[in-house]
Amino acid sequence: MAGRIPQSFIDELIARADIVEVIDARVPLKKKGREYTACCPFHNEKTPSFTVSEAKQFYHCFGCGAHGTAIGFLMEYEHLDFVDAIETLAAEYHMEVPREDTPDSRHARDEKQPLYDILDQASQLYQQQLRQSDRAVQYLKQRGLSGDIARRYRLGYAPEGWHFLLERMGNKPLIINNLNITGMVIEKTAGNRYDRFRDRIMFPILDRRGRTIAFGGRIIDEGEPKYLNSPETPIFHKGYELYGFYEARQSIRNLERIVVVEGYMDVVALAQHGIGYAVASLGTATTKDQIQKLFRTVQEITFCYDGDQAGHRAAWRALENTLPILRDGLEARFLFLPDGEDPDSMVRKEGKDAFETRLKTAIPLSDFLFNKLQSDIDTDTVDGKARLAEKAKPLLSIIPESVFKDLMYKRLSELVGISETKLQPGQAADAPEQAQTPPITSPRSTRAVKQNATRDAIALLLQHPGLAKASEIPEYFASASIQGLPLLHALYRTVRENPDISSSALLERWRDKEDFSILQKLIQRNVRGTDEKSEQLAVFSDAIQRLIQKYHDERFDTLETKLKQSGLNEAELEEYKALLRR
Ligand SMILES: [Zn+2]
């Protein structure tokens with residue numbers, strides 16, 4: 001296992017790579033003024049709306065909203081994950097990717113390797129057993145599975161009896177220990193141990209590198225539980241892994257879409273019918289981590305569930321987990337099967353083409369969301385409209401800043417007859433020259449300090465990291481409750497710790513964090529009055545001053561409320577007095 005890539009190398013590589021070169025090698029660019037353009041590779045168009053800025057080292061499509069750094073482009077265009085994109089880019093610039101080989105990573109590696117080894121061994125034994133068991137083979141044949149598919153998914157059979165693994169692998173303490181850690185044996189009392197999986201069809205769960213990290217086992221005849229999984233172990237985290245994802249990536253070059261289904265058997269049955277792009281989440285609900293993982297590889301996910309109540313509940317959970325990561329250019333859809341059917345039975349009944357046609361009828365996430373919310377509300381009444389707005393707002397608010405988000409608000413606005421700006425908090429501040437009435441409850445407040453100050457400050461710092469050297473941002477921003485201040489502070493500290501970091505490298509450090517999409521938007525923001533380099537620092541400092549003022553105002557309000565309600569302790573009283581004197 002390779003160690004981590006040092007952050008300093010990633011920063012240097014991003015600073016050295018030129019986005020124009022990187023993109024031009026794949027999508028030929030034309031120079032137009034200060035920027036470069038082409039027809040967008042991410043959506044269909046005849047006139048170019050895809051632009052690349054050499055100065056900002058950023059691309060943006062005005063048609064579909066796709067945008068990002070050179071790394072982001074490689075990830076999107078070539079369907080790579082972050083590490084693969086770094087390696088691709090490094091190869092193009094003839095740089096060798098160093099790996100950290102710290103004692104820690106070596107230790108972790110040594111500790112985990114025997115676990116991978118023992119599961120691999122178990123998998124081989126199960127596959128062998130499958131070939132020798134008429135009953136197991138008969139069962140798979142009956143379900144329409146071929147030997148080819150069984151091999152591709154490394155299906156196996158755990159025989160009856162309590163001590164198959166222990167007998168086959170030997171009774172050495174080290175082996176017993178590893179079987180214990182990986183959950184393959186259960187130890188009820190000291191020395192009294194037995195196999196977890198008995199008389200079951202075995203589905204090995206593979207990680208992204210194809211190593212066996214856990215198993216799912218299905219009972220052959222009737223019995224409970226129908227499915228049994230490995231427990232959480234040091235190498236298996238249920239909420240993060242997906243059954244069948246490795247196999248899908250292996251069998252399809254340029255994987256573009258994924259179908260998420262509920263069971264192992266569904267995945268295998270679909271593959272048997274030529275639909276090799278299905279995966280199963282390993283529990284009832286698909287987690288945010290799993291969805292994020294999929295969206296790093298594909299742009300389109302269809303969640304396929306049973307048409308019953310449980311199916312609808314699972315779909316809704318998936319929707320909630322998808323919203324916070326739904327960037328522009330990504331698509332999520334939902335398909336509900338007729339009552340009593342699952343993908344396995346359905347595809348066996350109707351075959352590949354009909355099933356794929358069915359997939360095409362899956363409803364877009366936006367429709368699913370609004371249909372569901374409206375299903376028990378009468379939106380012809382004023383009350384109903386208000387309730388719909390109340391239910392929709394928290395869901396829409398977690399969507400990253402994007403064209404998609406704006407469209408969702410637009411749709412809600414049309415449904416309830418309230419203007420978008422009123423529905424979307426923070427948006428009003430963005431409207432130019434809009435008169436703002438300060439809230440009556442705090443006459444002293446200068447709340448009219450525009451949300452723009454936060455956005456401007458973050459945008460400027462992101463676009464010109466050098467500003468951090470010449471300015472001071474107070475430590476208390478790190479834990480301030482005002483939106484954006486902790487993020488501003490975190491950016492500031494990163495630049496202070498890495499004074500030479502480039503704009504794109506700074507952005508890339510946020511790739512796996514929640515604020516990434518906001519930063520992607522802000523890195524393109526044109527902050528008024530900063531065309532000249534000499535103006536940038538002044539505007540930046542001014543924004544910081546306004547934010548400090550805003551912070552103090554809010555602090556004052558909080559303390560004043562507390563003073564009236566429950567009184568202040570000594571330190572708070574001092575702070576309150578100091579604020580009064582300001
Ligand atoms: Zn586009």
Side-chain angles (χ1 to χ4, degrees), residues 227 238-245 257-264 266-267 278-295 298-328 330-344 346 358-379 384-400 402 404-405 407-416 423-424 514 517:
Y227 283 100
K238 222 192 316 198
Y240 189 72
E241 305 295 340
L242 289 142
Y243 177 70
F245 194 32
R257 55 186 170 152
I258 280 287
V259 183
V260 178
V261 295
E262 287 182 281
Y264 306 115
D266 297 324
V267 172
V279 302
S281 55
L282 302 160
T284 44
T286 313
T287 67
K288 199 171 142 185
D289 283 336
Q290 288 168 329
I291 299 166
Q292 203 148 33
K293 195 172 186 177
L294 291 173
F295 270 144
V298 301
Q299 289 113 303
E300 191 189 318
I301 302 178
T302 305
F303 295 97
C304 179
Y305 293 104
D306 302 353
D308 60 8
Q309 275 215 334
H312 275 268
R313 264 200 307 278
W316 189 253
R317 291 282 302 142
L319 174 140
E320 289 177 323
N321 288 331
T322 303
L323 287 175
I325 39 184
L326 206 54
R327 290 178 288 116
D328 282 333
L330 302 181
E331 202 184 348
R333 293 168 162 270
F334 293 82
L335 176 69
F336 295 99
L337 296 177
D339 228 7
E341 301 283 359
D342 54 31
D344 172 23
M346 205 75 231
R358 195 180 277 283
L359 283 175
K360 288 198 186 102
T361 67
I363 54 172
L365 176 139
S366 53
D367 288 347
F368 179 46
L369 186 147
F370 284 113
N371 292 350
K372 175 98 180 150
L373 289 182
Q374 278 172 274
S375 61
D376 50 6
I377 293 179
D378 176 9
T379 48
K385 284 182 173 148
R387 270 180 58 214
L388 177 61
E390 278 322 298
K391 280 170 101 176
K393 266 156 64 178
L395 290 166
L396 303 198
S397 71
I398 55 175
I399 303 172
S402 57
F404 173 72
K405 182 179 193 154
L407 290 175
M408 291 294 273
Y409 273 106
K410 185 156 184 269
R411 183 153 167 195
L412 178 62
S413 151
E414 283 160 9
L415 281 170
V416 299
L423 290 168
Q424 194 168 5
E514 220 175 305
S517 60

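Predicted model, so just to flag it, every value in this text is computed and none were measured.
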- prompt: Is the gap between the ring centers of Phe334 and Tyr305 under 6.0 Å?
  reply: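 That pair fails the under 6.0 Å test.
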- prompt: Is the distance between the ring centroids of Phe336 and Phe368 under 6.0 Å?
  reply: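 Centroid distance Phe336-Phe368: below 6.0 Å, so yes.
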If every non-hydrogen atom of [X] is compared with every non-hydrogen atom of [Y], which pair is closest and at what distance?
X	Y	answer
Val279	Val267	C-CG2, 3.6 Å
Gly311	Asp308	N-OD1, 2.8 Å
Lys372	Trp316	CG-CZ3, 3.4 Å
Ala389	Leu423	CB-CD2, 4.2 Å
Pro343	Val261	CG-CG1, 3.7 Å
Gln290	Ala285	OE1-O, 4.1 Å

Does any N or O in the side chain of [X] come within less than 3.5 Å of the main-chain N or O of [Y], such that one atom is a donor and the other an acceptor?
X	Y	answer
Lys405	Ser397	yes
Asp266	Gly263	yes
Ser375	Leu373	no
Asp367	Ile363	no
Glu414	Arg411	no
Asp342	Asp344	yes

Look up atom [atom1] in [X] and atom [atom2] in [Y], then write down how far apart they are to the nearest 0.5 Å.
X	Y	atom1	atom2	result
Arg317	Thr286	CZ	OG1	9.5 Å
Lys410	Leu396	NZ	CG	14.5 Å
Leu335	Thr361	CG	OG1	5.5 Å
Leu294	Leu330	CG	CG	11.0 Å
Leu282	Lys238	CG	NZ	8.0 Å
Glu390	Lys385	CD	NZ	15.5 Å

From CA spacing to verdict: side chain to side chain contact (heavy atoms under 4.5 Å, CB included), Ile301, Val260: CA-CA 7 Å; Ile301 302 178; Val260 178; 3.7 Å; yes
Any non-hydrogen side-chain atom of [X] less than 4.5 Å from a side-chain atom of [Y]?
X	Y	value
Phe303	Val259	no
Cys304	Leu337	yes
Ile258	Glu300	no
Pro338	Met346	yes

task: Please step through side chain to side chain contact (heavy atoms under 4.5 Å, CB included) for the pair Arg333 and Leu359, ending with a clear verdict.
output: CA-CA 9 Å; Arg333 293 168 162 270; Leu359 283 175; over 6 Å; no
Working for side chain to side chain contact (heavy atoms under 4.5 Å, CB included), residues Glu320 and Leu395: CA-CA 7 Å; Glu320 289 177 323; Leu395 290 166; 4.3 Å; yes
- request: Let me see the working for Glu262 and Asp306 under side chain to side chain contact (heavy atoms under 4.5 Å, CB included), right down to the final yes or no.
  value: CA-CA 9 Å; Glu262 287 182 281; Asp306 302 353; 3.7 Å; yes
- prompt: Thinking salt bridges, do Arg257 and Glu331 make one under a 4.0 Å N-O criterion?
  reply: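 A salt bridge is absent here (no side-chain N lies under 4.0 Å from a carboxylate O).
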